[in-house]
Amino acid sequence: MAAVPFEEISVQLESPNLRDRMVALASLRNLSAEDAVPLIKKVLDDESLQLRSMAIFALGVKPTAESYPLLVKILENDPDYGIRADAAGALGYLGDARAFEVLARTFYEDTDWLVRFSAAVSLGNIKDPRAHDVLIQALDSSETVLQEAAISALGEIQDIESVDSILRFAQSEDWLVRQRLAEALGNLPTTKSVSALKYLEKDQHFNVAEAARISLGRLEEKANQA
């Protein structure tokens, strides 16, 4: 499909028809980040939450010098929790280490679990080891999804010190938690990780057992390369 000209997209983003604006925003994937971001900014305050969500995601995958401060402003000030969650997630896509403090503060202070979930996931995506304390605290959350996010993120940042803290989830009643544990342990090469993965490899749920098998293979490969 031929790329839509810049000027045509710009005009279409101002259409009163939501579908036109959504099609125009989707067309930005063919533009460079420098060309796309000025157009994305046109709909960051759109009346449609769905379009705003798409625009925020686009900021995360079209990084320019403006993307980071725009996302931080949205995360810290928008009244809609879904939009704040989108902004937290987009900061993770940017992979900008500056986001650590913003995401950590969001996890501690935001009152909505979805926003805190997105912040925890993004702390893993930016792979900043300073996230250790935040993620360890997230393990004690009453929200299972926050526990899942924290386990995954600790694996992403390769936090060896967290192994003892996450191993308690090998007995979780939620198979998704056990799967996240199996996946994370594949990034945490310790003898305890190997033992836990051999245990999880016998899990009754196929996804958990398969994740454990893959992680064991990953650890074995790392050991052979050492």
Evaluation steps, side-chain contact (heavy atoms from CB on, under 4.5 Å), between Ser67 and Leu94: CA-CA 8 Å; Ser67 301; Leu94 284 182; 4.1 Å; yes
Joint cluster assignment, Val121 & Val61, ILVMFWY side-chain distance < 4.5 Å: no
Ala88 backbone acceptor or donor facing Ser122 side chain under 3.5 Å: yes
Lys192 atom NZ, over 12 foreign heavy atoms within 6.0 Å: no
Criterion side chain to side chain contact (heavy atoms under 4.5 Å, CB included) against Arg21, the qualifying member of Met54, Glu47, Glu14: Glu47
Inter-residue atom distance Met22.CE - Leu51.CG, 0.5 Å rounding: 6.5 Å
Test side-chain contact (heavy atoms from CB on, under 4.5 Å) applied to Gln171 and Tyr199, step by step: CA-CA 10 Å; Gln171 304 286 347; Tyr199 170 78; 3.2 Å; yes
Ser15 side chain vs Val11 backbone, donor-acceptor pair below 3.5 Å: no
Hydrophobic cluster membership, Val177 vs Ile214, 4.5 Å side-chain cutoff: no
Whether Thr106 side chain and Val102 backbone form a donor-acceptor pair below 3.5 Å: yes
Validation row: Glu201, Leu197 side chains within 4.5 angstrom (heavy atoms): no
Check: Asn224 side chain, Glu220 main-chain N or O, donor-acceptor pair, under 3.5 Å: yes
Point-to-point distance, once rounded to the nearest 0.5 Å, from CD1 of Ile40 to OG1 of Thr64: 8.0 Å
Min side-chain heavy-atom separation Leu13-Ser10 under 4.5 Å: no
Minimal non-hydrogen separation, Ala182 against Ser215, with atom names: O-OG, 2.6 Å
Distance (rounded to the nearest 0.5 Å) between Leu146 CG and Ile151 CD1: 11.0 Å
Student check: side-chain heavy atoms of Asp96 and Leu91 closer than 4.5 Å: no
Electrostatic pair Glu210-Arg213, nearest N-O below 4.0 angstrom: yes
Heavy-atom donor-acceptor pair, Gln12 side chain to Val23 backbone, under 3.5 Å: no
Salt-bridge present (Arg84, Asp112; N to O < 4.0 Å): no
Sub-4.5 Å side-chain heavy-atom contact between Asp128 and Leu123: no
Working for side-chain contact (heavy atoms from CB on, under 4.5 Å), residues Trp113 and Tyr81: CA-CA 9 Å; Trp113 71 266; Tyr81 72 89; over 6 Å; no
Steps toward side-chain contact (heavy atoms from CB on, under 4.5 Å) verdict (Leu135, Ile157): CA-CA 10 Å; Leu135 297 173; Ile157 67 174; 4.0 Å; yes
Note, Ser162 side chain near Leu188 side chain (heavy atom, < 4.5 Å): yes
Salt bridge (Lys or Arg N to Asp or Glu O under 4.0 Å) evaluation trace for Glu183 with Arg180: CA-CA 5 Å; Glu183 293 165 349; Arg180 297 291 174 262; 3.3 Å; yes
Leu44 vs Arg52 side-chain heavy atoms within contact, under 4.5 Å: no
Polar side-chain atom of Lys41 near backbone of Leu70 as donor-acceptor pair, under 3.5 Å: no
Any side-chain heavy-atom pair of Glu76 and Val72 under 4.5 Å: yes
Distance, nearest 0.5 Å, that separates CG of Leu25 from NZ of Lys42: 11.5 Å
Shortest non-hydrogen contact between Ala90 and Ile56, atoms and distance: CB-O, 3.5 Å
Rounded distance (nearest 0.5 Å) linking atom CG of Leu154 with atom CG of Leu185: 10.5 Å
Closest approach of Leu31 to Phe6 (non-hydrogen atoms, all atoms of both residues): CD1-CD1, 4.1 Å
Closest non-hydrogen atom pair between Leu219 and Ser193, with its separation: CD1-CB, 4.3 Å
Over 12 non-hydrogen atoms of neighbours within 6.0 angstrom of NZ in Lys127: yes
Minimum side-chain heavy-atom gap Arg116-Tyr108 below 4.5 Å: no
Interatomic distance, Ile136 atom CD1 to Ser165 atom OG [nearest 0.5 angstrom]: 4.0 Å
Geometric class of the Phe57/Tyr93 ring pair [parallel <30°, tilted 30-60°, perpendicular >60°]: perpendicular
Neighbour count above 12 (heavy atom, 6.0 Å) for Glu143 CD: yes
Non-hydrogen atoms of Asn187 and Lys222 that approach each other most closely: CA-NZ, 3.7 Å
Exceeds 12 heavy-atom contacts within 6.0 angstrom, atom CZ of Arg168: yes
Check: Asp86/Ser53 side-chain N/O donor and acceptor closer than 3.5 Å: yes
Where Phe169 and Arg178 come nearest, the two heavy atoms and their spacing: O-CG, 3.8 Å
Arg98 NZ/CZ over Tyr68 ring centroid, <6.0 Å and within 45° of normal: yes
